[in-house]
Protein chains: 2
Amino acid sequence: MQQVLEALVDPVRRSIVTQLSAADSDVACGAFAIAVSKSTATHHFKVLREAGLIRQYYVGTARMNALRRADMDEAFPGLLDALTTPQARQR
Amino acid sequence: MQQVLEALVDPVRRSIVTQLSAADSDVACGAFAIAVSKSTATHHFKVLREAGLIRQYYVGTARMNALRRADMDEAFPGLLDALTTPQARQR
DNA sequence: CCATAAGTACGACCGTCGTCAAACTTTGAT
DNA sequence: ATCAAAGTTTGACGACGGTCGTACTTATGG
């Protein structure tokens, strides 16, 4: 839980989770709308992965990211819902 | 939202919120089970207050703390519920 | 009036975190 | 074989946040 919150408190990482939640399929690392360098992006994906929020797999040179929503909903019911709500994203 | 998450990511502050949520009435600053000095405690209460999570008022020399659950539930539905759930506290 | 209790305010210290650039790896295409 | 695309790794830097001690304020009780 502590680890999950530490992952979600960063705006960039929360944006990644939000974009993943809104997408209808998995997303490559380079396809996110985040304004940081590649190395910083790699760092953020690592934090999200180690917190159990995403799963990653390769497709050619692209590393795909999948939101582990079911696992999260089981471990922390309501948390991702509370964060990906449209009004939550706005405020 | 960002401010609320930054307030809730600290274990001491989340413990304060949890204890407030479990209590059936408001709690004085000195009555919490937190292992930090007085000045550090004051700092944490200030962060919680500025994030809108608690309200404070004096009763003699004691400063009472009230959880603003209704305001939070309106602004960020499900967030406090997700964090104060017994299984959330455990994990 | 004085002492004690309950917090607050102010600096200071230190660790952690987000950030980047540069060098490297691996895969796929020409 | 070469080259480009996509990430990773490493190291460094700077800022912010949690912590504490000390000094200060305010209120209650004897």
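A note on names: the letters A, B, ... follow the listed sequences, proteins ahead of strands, and every chain is numbered from 1.
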Heavy-atom pair with the smallest gap, counting every atom of A/M64 and A/D26: CE-O, 3.5 Å
Taking [atom1] from [X] and [atom2] from [N], how many angstroms apart are they, rounded to a whole number?
X	N	atom1	atom2	value
B/N65	C/dA6	CG	C1'	12 Å
A/E50	C/dT16	CD	P	16 Å
B/R49	C/dG7	CZ	P	13 Å
B/K38	C/dA9	NZ	P	13 Å
B/E6	D/dC16	CD	P	11 Å
A/M64	C/dT27	CE	P	17 Å
B/L8	D/dG18	CG	P	12 Å
B/K46	D/dG18	NZ	P	13 Å

Nearest-neighbour nucleotide for the [X] side chain, [options] considered:
X	options	value
A/S37	C/dT8, D/dA6, C/dC20	C/dC20
B/S39	C/dC20, C/dG18, D/dT22	D/dT22
A/T61	C/dC20, D/dA5, C/dG7	D/dA5
B/T40	D/dT19, C/dC20, C/dT8	D/dT19
B/T42	C/dT19, C/dA6, C/dG7	C/dG7
B/R13	D/dG18, C/dG7, D/dT19	D/dG18

So A/L79 and B/L79, do their side chains get closer than 4.5 Å, heavy atoms only? yes
Any side-chain heavy atom of A/E74 sitting closer than 4.5 Å to one from B/Q87? no
Remember a base hit wins even if backbone is also touched, and classify [X] as base, sugar-phosphate or nothing at under 4.0 Å, heavy atoms.
X	result
B/A41	nothing
B/Y58	sugar-phosphate
B/H43	base

Looking at B/R63, does any N or O in its side chain come under 4.0 Å of the phosphate oxygens OP1/OP2 on D/dT26? no
5' precedence on DNA chain C between A/D10 and A/V59 (nearest-nucleotide basis): A/D10
Any salt bridge between B/D73 and B/R68, counting N to O under 4.0 Å? no
From CA spacing to verdict: side-chain contact (heavy atoms from CB on, under 4.5 Å), B/L83, A/F76: CA-CA 8 Å; B/L83 292 175; A/F76 312 106; over 6 Å; no
